2 protein chains.
Amino acid sequence: MTDPSPRVQLRRHPERGSHQREAILAVLDGAFVCHLAFATESGPACVPTCYGRIDDVLYIHGAPASRLMAGGRQGGLAVCLTVTQIDGVVMARSAFHHSLNFRSVMVLGTAQAVSDPEEKTRGLAAITDQVAPGRWDECRPMTEAELKATAVLRLDLAEASLKERQGPPSDPASDAGLPIWTGVVPVALSAGAPLAAEENATAALPDSVKRLRARHPAP
Amino acid sequence: MTDPSPRVQLRRHPERGSHQREAILAVLDGAFVCHLAFATESGPACVPTCYGRIDDVLYIHGAPASRLMAGGRQGGLAVCLTVTQIDGVVMARSAFHHSLNFRSVMVLGTAQAVSDPEEKTRGLAAITDQVAPGRWDECRPMTEAELKATAVLRLDLAEASLKERQGPPSDPASDAGLPIWTGVVPVALSAGAPLAAEENATAALPDSVKRLRARHPAP
């Protein structure tokens with residue numbers, strides 16, 4: 001990652017922002033769903049999808065015929081990839097000072113189709129392990145046909161910024177003492193007890209599931 | 001809501017999609033953060049924000065000087081507003097058949113600035129109550145200055161579609177019996193125990209906090 005380009009400079013609430021590599025990677029590595037914005041013939045689109053990271057490259061996958069993946073083949077597709085973690089609901093004495101505690105990373109760039117089969121496989125492994133670390137190696141190996149049926153895009157992590165808010169509400173002094181409850185309700189994407197499929201024949205929970213649950217505890 | 005326009009017709013996996021009003025509203029009403037895509041001079045942007053709904057209109061708010069809100073004043077801003085709820089991680093015997101259980105609603109349209117103070121106030125109340133139902137009426141009333149310092153956009157819920165996947169993994173018959181754990185790990189955005197602010201002077205938890213927690217139980 002390089003110095004922030006003009007288009008990822010923090011305009012609003014710069015005190016809530018960062019371009020620090022470690023802080024950005026921590027947000028990316030702690031989630032597994034992003035929202036991806038791109039232009040289509042009929043206007044902007046915003047699509048949720050999984051992603052994976054290897055060093056300073058993000059990977060996303062999809063059906064080869066999808067608009068997103070087709071765009072990546074035609075010289076690349078300008079995208080904004082956003083990963084948001086919601087940490088809490090901040091309740092003040094006025095609606096105006098209500099807020100969310102959150103961390104959100106925005107990555108701008110041109111997503112390019114990956115054609116090299118080895119990089120494609122590495123990218124798919126990264127996406128799988130982003131959700132449940134170590135799952136790729138537990139699975140039955142990918143077939144050639146499956147690899148062909150999956151398109152992968154890469155997006156360099158060169159232009160990225162983090163926005164976040166943490167901490168208690170900040171009621172103005174003039175509201176002090178108003179008899180209205182004020183505080184934070186923590187929220188998090190949490191993983192519950194695994195539910196085995198009917199045809200599951202393997203009693204022991206795999207390490208990948210344990211790691212997925214450990215990454216997403218109750219708030 | 002009207003019949004689906006060509007640009008919200010379901011292209012990929014139409015069996016996973018819907019234009020049913022009730023199903024779409026259920027997804028919108030069960031969450032409080034959306035991702036909003038819109039075009040900027042330097043490419044697409046994807047921004048997380050809160051939203052509220054009144055009948056067939058969605059409201060979002062922000063700083064009047066933000067690109068998003070400025071765009072809404074200049075004749076309206078073409079947007080794609082996406083609300084995604086992740087319900088589970090679907091683990092198959094192959095990486096290829098891994099999936100997520102999810103519900104995602106995409107709303108296309110032109111977001112327009114709200115100038116009428118009464119509609120603006122109703123919109124802000126809807127956004128506040130979307131997070132914690134009933135919170136607006138518990139709060140100290142909004143001041144004129146606060147209302148002026150907040151911009152509100154409205155987006156008609158006319159072009160919307162739902163995509164979802166639910167249920168167990170669908171391993172192909174050829175993978176049956178492979179000794180690999182298969183099933184679903186449920187996930188959900190969950191609310192934990194409220195943490196009162198240091199200066200909180202109101203012992204009883206308000207109903208809005210109880211409703212927020214009830215809407216977001218552990219998975």
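Proteins come first, then strands; the chains are lettered A, B, ... in the order of their sequence lines, and each starts at number 1. All figures in this text were calculated on a predicted structure; none of them were measured in a lab.
Using a 4.5 Å cut-off between heavy atoms, A/F32 contacts chain B through its side chain alone, with no backbone atom that close. A/V79 touches chain B through its backbone: at least one of N, CA, C or O sits under 4.5 Å from a heavy atom, while the side chain does not. Both the backbone and the side chain of A/R93 come within less than 4.5 Å of a heavy atom in chain B. Looking at B/A132, the atoms closer than 4.5 Å to chain A (heavy atoms on both sides) all sit in the side chain, from C-beta outward. With a 4.5 Å cut-off on non-hydrogen atoms, B/H61 does not touch chain A at all. The part of A/T128 that comes within reach of chain B is its side chain, from C-beta onward, which places non-hydrogen atoms under 4.5 angstrom from that chain. Only the side chain of A/L100 comes within less than 4.5 Å of a heavy atom of chain B; its backbone N, CA, C and O stay farther away. Using a 4.5 Å cut-off between heavy atoms, B/L108 touches chain A through its side chain atoms alone. Residue A/A125: no heavy atom, backbone or side chain, is found under 4.5 Å from chain B. Looking at B/S94, the atoms closer than 4.5 Å to chain A (heavy atoms on both sides) sit in the backbone and in the side chain alike. If you measure heavy-atom distances from A/M91 to chain B, the contacts under 4.5 Å come from both the backbone and the side chain. For B/A95, the parts lying under 4.5 angstrom from a heavy atom of chain A are both the backbone and the side chain. Using a 4.5 Å cut-off between heavy atoms, A/A218 makes no contact with chain B at all. Residue contact with chain B, scored on non-hydrogen atoms closer than 4.5 Å, is absent for A/C34. When heavy atoms are compared at a cutoff of 4.5 Å, B/L189 approaches chain A by way of both its backbone and its side chain. Only the backbone of B/E138 comes within contact range of chain A, judged by heavy atoms closer than 4.5 Å.
Ranked by heavy-atom pairs under 4.5 Å with chain B, the list A/V131, A/T182, A/L212 is led by A/T182. Counting heavy-atom pairs closer than 4.5 Å to chain A, the top-ranked of the candidates B/P206, B/A188, B/A39, B/G183 is B/A188. For chain B, the option among A/T150, A/L36, A/L81, A/L205 with the highest count of heavy-atom pairs below 4.5 Å is A/L205. Per-residue heavy-atom pair counts under 4.5 Å with chain B were compared for A/A45, A/G167, A/G43, and the maximum is reached by A/A45. Counting heavy-atom pairs closer than 4.5 Å to chain B, the top residue among A/S190, A/A197, A/A201 is A/S190. Most heavy-atom pairs under 4.5 Å with chain B, from the set A/L147, A/L124, A/V209: that is A/V209. Contact count versus chain A (heavy atoms, under 4.5 Å) is highest, among B/G88, B/P141, B/A204, B/P194, for B/P194. Highest contact tally toward chain A, considering only B/A203, B/A196, B/P168, is held by B/A196 [criterion: heavy-atom pairs under 4.5 Å].
Across all non-hydrogen atoms, the minimal contact from A/A37 to B/C46 is CB-CB, 3.6 Å. The two atoms that bring A/G192 and B/P219 nearest to each other are N-CG, 3.4 Å, heavy atoms only. Taking both residues in full, the closest heavy atoms of A/C139 and B/A92 are given as SG-O, 4.4 Å, listed atom of the first, atom of the second, then distance. The minimum heavy-atom distance between B/A78 and A/P44, with the atom names listed, is O-CG, 3.4 Å.
The CD atom of B/E199 sits 6.0 Å away from the CG atom of A/D171 when rounded to the nearest 0.5 Å. From A/F96, atom CZ reaches atom OG1 of B/T143 across 7.5 Å, with rounding to the nearest 0.5 Å.
At a threshold of 4.5 Å between non-hydrogen side-chain atoms, the residues B/W181 and A/S208 do not count as touching. Side-chain atoms of B/T84 and A/H35, non-hydrogen and from C-beta on, do get closer than 4.5 Å to each other. You'll find the side chain of B/I180 reaches within 4.5 Å of the side chain of A/R135, heavy atoms only.
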**Request:** Take A/I127 and B/H98 through the test side-chain contact (heavy atoms from CB on, under 4.5 Å) and record every step on the way to the result.
**Result:** CA-CA 11 Å; A/I127 296 167; B/H98 275 60; over 6 Å; no

**Message:** Is there a side-chain contact (heavy atoms from CB on, under 4.5 Å) between B/V47 and A/T82? Walk through the geometry before answering.
**Reply:** CA-CA 7 Å; B/V47 176; A/T82 298; over 6 Å; no

